[in-house]
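First comes the structure, then the notes that go with it.
Nothing fancy with the numbering, it's 1 onward along the sequence.
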Amino acid sequence: MASLNATDLAVLLGPTLLAGLVRGFSGFGSAMVLVPSYSLVFGPAVAIPIMSLVDVAGTTVVQKWLLR
């Protein structure tokens with residue numbers, strides 16, 4: 001995988017912030033925002049597993065917080 005340049009980071013940063021906002025308000029939907037933009041940079045074969053790992057990590061943190 002090649003290193004990310006400034007344009008790639010800009011393409012990833014905006015949708016990532018938007019996905020955090022969507023997940024914060026609704027509790028789901030971050031993958032709908034992130035997978036298309038991550039697919040532009042990494043390709044779908046890499047973007048989908050990345051998003052799966054991010055969603056599992058986010059859900060685990062929320063569950064631990066709720067179960068205290």
Side-chain angles (χ1 to χ4, degrees):
M1 183 182 309
S3 63
L4 297 174
N5 58 27
T7 305
D8 291 341
L9 289 175
V11 167
L12 296 176
L13 182 63
T16 301
L17 294 174
L18 179 64
L21 186 68
V22 167
R23 185 173 177 117
F25 277 113
S26 66
F28 65 97
S30 59
M32 291 187 301
V33 177
L34 285 180
V35 169
S37 60
Y38 279 26
S39 292
L40 289 174
V41 176
F42 299 119
V46 175
I48 293 171
I50 288 173
M51 196 57 237
S52 297
L53 291 173
V54 169
D55 267 350
V56 166
T59 302
T60 303
V61 169
V62 170
Q63 284 180 344
K64 284 184 177 182
W65 179 76
L66 288 174
L67 295 175
R68 293 194 275 160

Shortest non-hydrogen contact from P44 to S39?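 That closest heavy-atom pairing would be CA-OG, 3.7 Å.
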Shortest non-hydrogen separation from L12 to S37 and the atoms involved: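 Shortest heavy-atom separation between L12 and S37 comes out as CD2-O, 4.2 Å.
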Hydrophobic cluster identity match, [X] and [Y], side-chain contacts under 4.5 Å:
X	Y	answer
V11	L4	yes
V22	I50	no
L9	V35	yes

CG/D55 to CG/L34 distance, rounded to the nearest 0.5 angstrom?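 Separation between the atoms: 8.0 Å.
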Hey, what do you get for CG (L21) to OG (S30), rounding to the nearest 0.5 Å?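 Rounded to the nearest 0.5 Å, the CG-OG separation comes to 11.5 Å.
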Y38 and V46: side chain to side chain contact (heavy atoms under 4.5 Å, CB included), yes or no, with the steps? CA-CA 8 Å; Y38 279 26; V46 175; over 6 Å; no
Do R23 and V33 touch side chain to side chain, with heavy atoms closer than 4.5 Å?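 Side-chain contact under 4.5 Å: no.
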